[in-house]
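Beneath this line is the structure, given in structure tokens, with notes to follow.
Atoms within a ligand are numbered from 1 in the order they appear, just like the ligands themselves. All figures in this text were calculated on a predicted structure; none of them were measured in a lab. Basis for what follows: all heavy atoms, side chains included, without hydrogens, waters or symmetry-related copies.
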Amino acid sequence: MQTIFRGKHFITLEDWTKEEIDTLLDVSYDLKKDFALNKPTNYLPNKTVFLMFFEQSTRTRNSMEAGITQLGGHGHFLDTSTMQVSHGEVAKDTSVILSRMGHAIACRNCVWESGNKYLRDMAKWSTVPIISMQDDLFHPLQGVADLMTIQEKRGRNTRNLKVSVIWAYATTHKKPVSVPVSQALLFPRYGMDVTLAYPEGYDLPDWAIENAKKNAEKHGGSLTITHDQEEAYQDADVVFPKNWGNWLTNQSTDVVDATLEANKNWKCTEERMALTAKDALYMHALPADRVNEVVDSVIDGPHSVIYDEAENRLHTAKAVMALTMGGR
Ligand code: CP
């Protein structure tokens with residue numbers, strides 16, 4: 001078991017070995033048990049994590065802020081519109097300076113084709129861990145919380161579970177591809193048979209698909225792509241119907257375009273859930289576009305584990321901070 005994590009960046013789970021992710025999950029389970037027992041977990045006394053947000057957040061901000069408090073440290077919320085980065089200060093200067101004042105820099109920057117580059121640039125200069133709170137390509141905190149939730153519900157051996165990541169219609173905002181990319185890369189490493197279903201025009205980057213297939217070959221899972229949503233629901237053990245933007249074909253940040261409007265029928269309904277395996281899990285990273293992405297009777301129904309999934313964002317975020325900011 002790998003035990004040396006201090007200073008390790010958390011930008012994508014692709015940079016973490018499976019053994020390291022297993023340790024991260026073990027620590028998450030321990031922290032969850034301690035939370036249930038109201039046991040103190042002061043692993044990071046007097047430590048500071050900076051929480052830089054270029055975009056809005058409910059789960060990520062609050063799991064990190066509550067998490068660092070429960071670990072005995074402090075989180076500084078930083079709205080980047082009030083920082084000098086909004087006047088053009090470069091990633092290097094921000095990163096070096098925050099490194100000198102605290103113990104980790106967490107950042108959400110989902111701007112297409114620059115978010116991940118910004119985090120990588122900070123990581124080049126930072127002397128403390130850089131923790132991704134989502135960028136344009138990856139959302140590792142969501143990926144590991146999703147994996148933990150599947151394991152809690154189906155056991156830690158997830159080999160050959162049929163897990164379907166399904167595009168869904170939504171009009172709330174143009175969402176990054178980082179959640180489906182992270183899921184497609186991660187789940188095959190745990191032996192899952194992943195089906196990725198989306199309408200024409202919503203492809204994920206080629207490198208992500210190639211790497212997901214390599215992960216599947218190495219670890220005994222599989223990755224199948226289909227444009228037929230019913231095929232993805234059929235006999236699935238877990239479904240993730242969720243919207244993402246067509247960034248590869250249309251870089252505009254406008255939410256609605258002709259491709260989106262042509263695919264209104266991509267919605268998680270009771271009829272589609274009836275195609276899934278018995279006791280299938282309905283999951284969603286949230287926020288959900290209720291009515292458009294999913295009907296209330298599914299998201300509030302017996303298949304749904306969305307609130308357990310969201311709570312696991314706390315336990316996994318704490319594990320990431322405890323290992324990378326503390327540890328040894
Ligand atoms: N799932 C997720 O990252 O939620 P927030 O955007 O609210 O942080």
Side-chain angles (χ1 to χ4, degrees), residues 10-13 24 28 32 49-70 75-81 104-112 115-116 118-119 130-150 152 163 165-168 170-187 204 238-245 247 253 255 268 281-290 292-294 299-300 304-321:
F10 186 77
I11 295 177
T12 166
L13 289 164
L24 177 59
S28 304
K32 186 168 186 176
V49 58
F50 297 103
L51 305 169
M52 290 177 61
F53 281 91
F54 285 81
E55 290 96 10
Q56 301 85 339
S57 167
T58 295
R59 280 140 291 272
T60 307
R61 175 180 174 179
N62 290 294
S63 58
M64 292 290 286
E65 268 194 49
I68 189 68
T69 302
Q70 291 162 23
H76 285 202
F77 171 72
L78 298 168
D79 174 345
T80 57
S81 70
I105 305 168
C107 182
R108 168 172 285 192
N109 184 339
C110 297
V111 178
W112 179 246
N116 182 258
Y118 185 83
L119 266 72
I130 299 294
I131 300 174
S132 169
M133 297 192 293
Q134 187 175 18
D135 64 30
D136 53 329
L137 305 178
F138 304 108
H139 197 351
L141 287 168
Q142 186 65 51
V144 77
D146 290 340
L147 177 58
M148 181 181 184
T149 310
I150 295 172
E152 282 181 333
V163 177
V165 175
I166 307 168
W167 186 90
T171 57
T172 43
H173 68 289
K174 188 163 174 177
K175 298 167 185 65
V177 297
S178 48
V179 171
V181 165
S182 299
Q183 293 169 335
L185 287 166
L186 178 62
F187 297 158
L204 300 182
V238 184
V239 293
F240 287 92
K242 185 194 175 304
N243 177 257
W244 63 84
W247 293 103
T253 53
V255 183
C268 183
L281 306 178
Y282 166 87
M283 298 180 66
H284 195 301
L286 303 179
D289 187 345
R290 283 172 179 255
N292 283 326
E293 284 184 302
V294 57
I299 195 169
D300 296 323
S304 178
V305 294
I306 55 165
Y307 298 126
D308 289 347
E309 182 184 3
E311 183 190 321
N312 283 338
R313 292 293 310 275
L314 172 71
H315 309 302
T316 47
K318 284 164 73 175
V320 170
M321 289 188 281

Looking only at heavy atoms of [X], does any of them come nearer than 4.0 Å to an atom of ligand 1?
| X | value |
| --- | --- |
| Arg61 | no |
| Glu55 | no |
| Arg108 | yes |

Atom indices of ligand 1 within 4.0 angstrom of [X] heavy atoms, with elements:
| X | result |
| --- | --- |
| Leu286 | 1 (N), 2 (C), 4 (O) |
| Thr58 | 5 (P), 7 (O), 8 (O) |
| Ala285 | 1 (N) |
| Thr60 | 2 (C), 3 (O), 5 (P), 8 (O) |
| Arg313 | 1 (N), 2 (C), 3 (O) |

Rounded distance (nearest 0.5 Å) linking atom CE of Met133 with atom NE2 of His139: 9.5 Å
Would you mind checking if Arg290 and Asp300 are paired as a salt bridge, meaning a charged N to carboxylate O distance below 4.0 Å? yes
Looking only at protein heavy atoms, what sits closest to atom 4 (O) of ligand 1 is Arg59 NE, 2.9 Å
Students should be able to answer this: which protein heavy-atom is nearest to atom 3 (O) of ligand 1, and at what distance? His139 NE2, 2.8 Å
Locate the shortest heavy-atom distance separating Pro287 from Glu293; write the atom from each residue and the value. O-OE1, 4.2 Å
Minimal heavy-atom distance between Ala145 and Glu309, with the atoms involved, is CB-O, 4.2 Å
Phe54 versus Val111: any side-chain heavy-atom pair under 4.5 Å? no
Considering only heavy atoms from C-beta outward, does the side chain of Val238 approach that of Phe187 to under 4.5 Å? no
Classify the ring geometry between Trp112 and Trp247 as parallel (under 30°), tilted (30 to 60°) or perpendicular (over 60°). parallel
